[in-house]
Protein chains: 2
Amino acid sequence: MVALNLVSRPNKRRQTPDQVSELTTNRLSIYLRSLNELDASGVQTVSSQGLAEQFHLNAAQIRKDLAYFGEFGVRGVGYYVKELRRHLRQILGLDRRLRVAILGAGNLGLALADYPGFRQEGFEIAALFDNLREKVGQQSRLGVPIFDIHDPSSIRSLPPASRGFSTSRRARCTCRMM
Amino acid sequence: MVALNLVSRPNKRRQTPDQVSELTTNRLSIYLRSLNELDASGVQTVSSQGLAEQFHLNAAQIRKDLAYFGEFGVRGVGYYVKELRRHLRQILGLDRRLRVAILGAGNLGLALADYPGFRQEGFEIAALFDNLREKVGQQSRLGVPIFDIHDPSSIRSLPPASRGFSTSRRARCTCRMM
DNA sequence: GCTTGTGAAATCCTTCACAGCC
DNA sequence: GGCTGTGAAGGATTTCACAAGC
């Protein structure tokens, strides 16, 4: 059993609005993936049309999604990839390290804990939880410690800088990889 | 990098409708998870209200979602858990074995390939793909074979019964676990 | 009594179309 | 010329409210 919170919703009330639709924020994380690639390929600017074609979306929708958080584009030019990427990471809350815990330290939990792709995106897998006594106290190959799922307070033994989880209400994982 | 297709959308045109909203089908798989648990606990019937409270949803919405595919409920009683579960599994296409491939045979891919939870839900992980020469030809601990990602035709060596994948267009994974 | 199924109303989301700007 | 930002129109989804049925 695995719990992860990868698609971090924006903080309520960041720079703008009352309520951002979840559909919008889901798309933002899609745009961000594309911007990461464009940036890595050295592309400087991209138009809403360009993004739209990639994802079979409507260009106006993309502009609306983005305009919702500010005026990031330049008329006649499009969006500067680096700049938009920075903005999206901030809007999605990916500009700070996000500490995450994984429930279940079986093969899957251990593999997820050490998966480099998460770290790369700014997620810090800070702890594993399991209900098997013999696992508690152990750690993953890369050193993620395993705690007793029935004794959440045991996490106190973590150094304070690593505490403070954003726990998702349900043990449910909604992740997009690459 | 991992590609999985867990939330199987219903076949276009099963028993009813022109177009089922993806929002609806996503919720169906949420209901199904709950029904699995209720069934396992021996609960016989559940009302739309009962389901709604669990997920912070509107009871009318749940009734609409379900009524879209037929009249599964009984007025004054609710829904029979076993029966509704069977219907949902059929609607979501989980009543037949679904063959799935995973791209990437790293730690994560290998752990996913052997994760028992998938099999349990009727998914058969039939193949792994990787681009590392030394991995091709190997297999996971439980015997899922690894193929060359650059040579998809190599999958021909699988016994015919295991062929025929539903490939997702993008290497993207949207899975909910438990 | 309680609960479903469902039109109608309300709300939310997407698309169009164009003014405004580079 | 090309592209963004955005009001308005159009669609879709959700919620309300209640008739119908057990």
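As the structure is a computational prediction, the values presented were derived from the model and not from experiment. Residue numbering restarts at 1 for every chain, and letters A, B, ... go by the order of the sequence lines.
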Rounded to whole angstrom units, what separation is found between the CG atom of B:Asp65 and the C1' atom of D:dA12? 14 Å
Can you measure B:Phe72 atom CZ to C:dT3 atom C1' for me and round it to whole angstrom units? 17 Å
When the distance from OH of A:Tyr68 to P of D:dT6 is rounded to whole Å, what number comes out? 12 Å
Would you say a side-chain N or O of A:Ser21 is under 4.0 Å from OP1 or OP2 of C:dC12? no
Short side-chain N/O contact to D:dC22 OP1/OP2 from B:Tyr79, under 4.0 Å: no
Could you work out, with side chain to side chain contact (heavy atoms under 4.5 Å, CB included) as the rule, every residue matching A:Lys64, not counting sequence neighbours? none
Does A:Ser48 put a side-chain nitrogen or oxygen below 4.0 Å from OP1 or OP2 of D:dT4? yes
Taking only N/O atoms, report every protein-nucleotides 8-10 of chain D pair under 3.5 Å with atom names and distance.
{"from": "D:dA8", "atom 1": "N6", "to": "A:Lys64", "atom 2": "NZ", "distance (Å)": "3.1"}

D:dG11 C1' sits how many Å from A:Gln61 CD, rounded? 13 Å
Contacts of B:Val144 that satisfy side chain to side chain contact (heavy atoms under 4.5 Å, CB included) - sequence neighbours left out: B:Ala113, B:Asp114, B:Arg119, B:Ile125, B:Leu128, B:Ser140
Distance check needed: C:dT14 P versus B:Leu23 CG, whole Å only. 9 Å
Do the side-chain N or O atoms of B:Arg75 get closer than 4.0 angstrom to the phosphate oxygens (OP1, OP2) of D:dA19? no
Please tell me which of the listed nucleotides, D:dT14, C:dC13, C:dT14, lies nearest to the side chain of A:Arg27? C:dT14
Atom-to-atom span, OH of B:Tyr31 to P of C:dT4 - whole angstrom: 12 Å
Might you work through the salt bridge (Lys or Arg N to Asp or Glu O under 4.0 Å) test for B:Asp95 and B:Arg86, ending with a clear yes or no? CA-CA 8 Å; B:Asp95 54 338; B:Arg86 201 169 48 240; over 6 Å; no
Assert: residue with more 5' nearest nucleotide on DNA chain C, out of B:Val46 and A:Ala60, is B:Val46
Tell me, yes or no, whether the heavy-atom count around B:Gln44 atom CD, taken from other residues, nucleotides or ligands under 6.0 Å, exceeds 12. no
Could you give the CG-to-P distance, from B:Asn58 to C:dT6, as a whole number of Å? 16 Å
Take atom CD1 of B:Ile62 and atom C1' of D:dT15, then tell me their distance rounded to the nearest Å. 13 Å
Let me confirm one number: the CD-CZ distance from A:Gln90 to A:Arg85, rounded to the nearest 0.5 Å. 13.5 Å
side-chain contact (heavy atoms from CB on, under 4.5 Å) for B:Val100 and B:Phe118? Distances and angles first, verdict last. CA-CA 10 Å; B:Val100 175; B:Phe118 296 146; over 6 Å; no
Expected output: side-chain A:Arg97 to main-chain A:Gly122 donor-acceptor under 3.5 Å: no
